[in-house]
Structure formats: structure tokens, C-alpha cells
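Heads up, the thing below is written out as C-alpha cells.
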Amino acid sequence: MSLKTDAATAPTGINLYSRFALAGAISCGVTHGALTPVDVVKTRIQLDNKTYNKGMAGTFRQVIKAEGASALLTGFGPTFTGYFLQGAFKFGGYEFWKKTLIELVGQENAVNYRSAIYLVGSGLAEFVADIALCPLEATRIRLVSQPTFATGLVSGFSRILKEEGVVRGFYSGFGPIVFKQVPYTMAKFLVYERAAEAILRQVGSPETISPYAMTGVNLAAGVIAGTVAAIVSQPADTLLSKINKTSGSGSAMSRLAVLGKELGFRGLFLGLGPRIIMVGTLTSLQFGLYGEMKKRFGAGEGYQIRKL
């Protein structure tokens with residue numbers, strides 16, 4: 001059901017940001033969940049390139065032949081749940097920090113410094129979101145890399161908690177997830193905002209074009225943003241997959257240093273092709289769906305500082 005508002009009853013404060021958060025949660029949970037098979041393939045290539053060395057299509061066939069089609073949905077539970085929570089904090093937080101930073105520097109200055117506002121606002125939002133995401137991402141990677149580890153989200157989460165504890169089990173990958181997600185999100189929002197601005201200069205402002213055209217703008221800008229963000233964050237994504245594959249020993253940073261040395265520059269970009277396809281697609285769908293959900297929940301467009 002749409003939550004319609006007019007100027008007199010427009011939501012503010014927690015009422016407004018909860019709508020942004022719910023829109024973001026739905027957009028991230030649905031898109032990441034739908035692309036679970038691609039994520040399974042990407043993770044297998046990163047973790048065992050000797051076995052899965054036939055590209056994306058070949059790895060799809062290998063997994064289905066060896067384990068059945070259901071294996072492509074391994075980790076769906078933690079994927080959907082983790083990114084539902086992360087999406088709430090990321091999009092809701094981004095809208096909050098963007099508004100806060102605009103008010104801090106003033107509307108006129110904000111337009112001139114909009115790239116910095118996009119970067120800082122999204123980076124702060126993503127850091128908080130990663131605290132919620134990390135335990136579920138650790139569970140997802142363990143399920144994908146070790147299919148016999150557990151039967152699903154609850155059993156996998158419970159086993160890691162029991163055997164390894166909160167810090168080692170769920171947050172040993174917090175460093176790489178922050179190093180992956182924060183630059184990824186900063187690049188994603190910056191490129192999306194600037195790409196949308198460039199497209200809107202050619203087709204007209206959001207107030208003058210049709211809702212369908214605006215959805216097209218969101219989708220197109222999202223593809224561009226997702227491609228750039230995937231390349232920027234790929235090395236950290238590979239390290240995150242590796243460090244969460246097993247429990248390991250030593251500090252997280254020492255394990256990361258060893259893994260980075262073992263992999264080398266080329267190894268850090270394993271699985272980049274499938275990840276560009278995955279991230280480009282889901283980022284496009286995320287921004288398209290987020291725009292639609294904001295309208296349905298009566299949240300509006302939020303604070304905009306585009307120069308059109």
C-alpha cells in the first residue's frame with residue numbers, strides 16, 4: 001500500500017528516515033537475494049580457482065552437475081537477511097547524513113561541494129551498515145565455501161557462534177568488509193548521483209519528466225555506478241571471501257597480509273567478470289527499486305543538490 005502525503009502532512013524526522021530505511025532494505029534485500037546464484041558462482045571462483053576455472057557459465061554448469069541446481073541458492077537466507085539490514089542502514093543513513101552535511105555547509109555551498117557530501121555521507125552510512133552485515137556475510141561465505149558446514153542460516157549462524165565466538169567467528173572479516181563496502185558504497189553513490197545528474201541535464205528535471213523516464217534514469221545511472229564500484233572494491237571482496245572460508249589463526253590483519261601476498265595483484269581480481277555483471281545489475285535494480293519504494297512510502301526524493 002502506498003503511503004501518500006501532501007505538503008501539510010509530509011513526514012519528517014524518524015518518520016521520514018524510517019521510510020527511507022524500509023525502501024533501502026527492500027531494494028537491497030530483494031536484489032541481493034535474487035542474485036544469490038551469481039554470488040555463489042563468484043565466490044566459488046574466488047575461493048577455488050583451480051577447480052572453477054571455466055568462467056562464469058562453465059562454473060554454473062560445474063556446480064549444477066556436481067551438487068544440483070539447489071546449490072546455486074546456497075546462502076540465500078543470510079544473503080537476504082544481511083542485505084535487508086544493511087540496505088536499511090545504508091540508504092536511510094545516506095539520506096540522514098546527506099541532509100546533515102547540507103545543513104552544515106549551507107545549501108549554496110552544498111551544491112559546489114556535492115561530490116564531497118556524497119562521499120562522506122555514504123561512507124559514514126556504510127560503516128554503520130557493515131556492523132549489521134558482517135555476521136551474516138560471514139555465515140553466507142561459510143555456507144557457500146563449505147556446503148556441508150550447515151543446512152542454512154540459523155544452523156550456520158549458531159554453529160559459528162558456538163565454535164568460534166562473536167569476534168573471531170563473525171567479525172574476523174570486519175576489516176576487509178569495511179575496506180570493501182565503504183569504498184564500494186562511496187563510489188556507488190558518487191557515480192550514481194553524478195551520472196543521474198548528467199542524464200537529467202539531457203532529458204529534463206525529475207519534475208518535468210515522466211515517472212517511467214525517471215525510473216529509466218535511476219536504472220541507467222545505477223549500471224554505471226555498479227560497474228565502477230565493483231572494480232574499486234574487488235580486491236577487498238576477494239580477501240573477504242578468503243578470510244571467511246575457514247576459521248584460521250592469528251589476527252585478522254596478519255591473515256589479510258599473508259593472503260594478499262599469496263594472491264598477488266592478479267589473484268586479487270579473481271571473479272571480477274561475474275562480479276561486474278552481478279554488481280552492475282543489482283546496483284541498477286537497487287536504485288530503480290529504491291526510487292519506486294520511496295514514492296510508494298511517501299518519502300519523496302529527499303534532499304537534492306544536483307546542478308541541473
Worksheet item: Would Tyr171 and Ile131 satisfy side chain to side chain contact (heavy atoms under 4.5 Å, CB included), going step by step from the backbone distance to the final call?
Response: CA-CA 9 Å; Tyr171 286 97; Ile131 297 172; 4.0 Å; yes
Worksheet entry | Partners passing ring-ring contact (aromatic ring centres under 6.0 Å, His included) against Tyr113 (at least two apart in sequence or in another chain) | none
Practice prompt. Identify the two heavy atoms, one from Ile102 and one from Ile117, that lie closest to each other, and give their separation to 0.1 Å.
Written response: CG1-CD1, 4.3 Å
Discussion item. Count I, L, V, M, F, W, Y as connected when their side-chain heavy atoms are under 4.5 Å apart, and connections chain through other members. Are Ile141 and Leu161 then in the same cluster?
Written reply: yes
Worksheet item: Lys99 and Glu95: salt bridge (charged side-chain N to carboxylate O under 4.0 Å, His left out), yes or no, with the steps?
Response: CA-CA 6 Å; Lys99 175 180 180 292; Glu95 299 289 357; over 6 Å; no
Fill in: Under 3.5 Å side-chain donor-acceptor pair for Glu126 and Gln86
yes
Worksheet entry | Residues which pass ring-ring contact (aromatic ring centres under 6.0 Å, His included) with Tyr118, listed by chain and number, not counting sequence neighbours | none
Practice prompt. Could you tell me whether the side chain of Lys42 reaches within less than 4.5 Å of the side chain of Asp39, counting heavy atoms only?
Written response: yes
Discussion item. For residues 39-77, which residue pairs pass the ring-ring contact (aromatic ring centres under 6.0 Å, His included) check, not counting sequence neighbours?
Written reply: none
Worksheet item: Which atom names give the shortest non-hydrogen contact between Pro183 and Val178, and what distance separates them?
Response: CD-O, 3.4 Å
Practice prompt. Consider only side-chain N and O atoms of Gln286 and Lys188, and report whether a donor and an acceptor are under 3.5 Å apart.
Written response: yes
Practice prompt. Starting at CG of Leu119, measure out to OG1 of Thr185 and round the result to the nearest 0.5 Å.
Written response: 11.5 Å
Practice prompt. Quick one: do Glu301 and Lys294 satisfy salt bridge (charged side-chain N to carboxylate O under 4.0 Å, His left out)? Show the steps, please.
Written response: CA-CA 7 Å; Glu301 287 295 317; Lys294 284 194 298 182; 3.8 Å; yes
Worksheet entry | Tyr290: partners by ring-ring contact (aromatic ring centres under 6.0 Å, His included), with sequence neighbours left out | Phe91
Practice prompt. Give the intermediate values and the outcome of salt bridge (charged side-chain N to carboxylate O under 4.0 Å, His left out) for residues Glu164 and Arg168.
Written response: CA-CA 6 Å; Glu164 301 171 36; Arg168 180 171 295 279; over 6 Å; no
Worksheet item: Is there a side chain to side chain contact (heavy atoms under 4.5 Å, CB included) between Leu22 and Met293 once you walk through the steps?
Response: CA-CA 8 Å; Leu22 181 57; Met293 290 297 100; over 6 Å; no
In a table with atom names and distances, give each donor-acceptor pair under 3.5 Å that connects a side chain of residues 216-232 to protein atoms at least two apart or in another chain.
residue: Asn218; atom: OD1; partner: Tyr192; partner atom: OH; Å: 2.6
residue: Asn218; atom: ND2; partner: Met214; partner atom: O; Å: 3.4
residue: Thr227; atom: OG1; partner: Val223; partner atom: O; Å: 3.0

Fill in: Residue pairs passing the ring-ring contact (aromatic ring centres under 6.0 Å, His included) test where at least one lies in residues 92-111, sequence neighbours excluded
Tyr17-Phe96, Tyr94-Phe189
Fill in: Backbone of Gly24 reached by a side-chain donor or acceptor of Ser27 within 3.5 Å
yes
Practice prompt. Go through Arg140 and Thr43 one step at a time and tell me if the side chain to side chain contact (heavy atoms under 4.5 Å, CB included) criterion holds.
Written response: CA-CA 10 Å; Arg140 179 195 70 80; Thr43 303; 3.4 Å; yes
Item to complete: Take Arg114 and Lys307, measure what side chain to side chain contact (heavy atoms under 4.5 Å, CB included) needs, and give me the verdict at the end.
Response: CA-CA 9 Å; Arg114 60 193 182 283; Lys307 186 182 287 186; 3.7 Å; yes
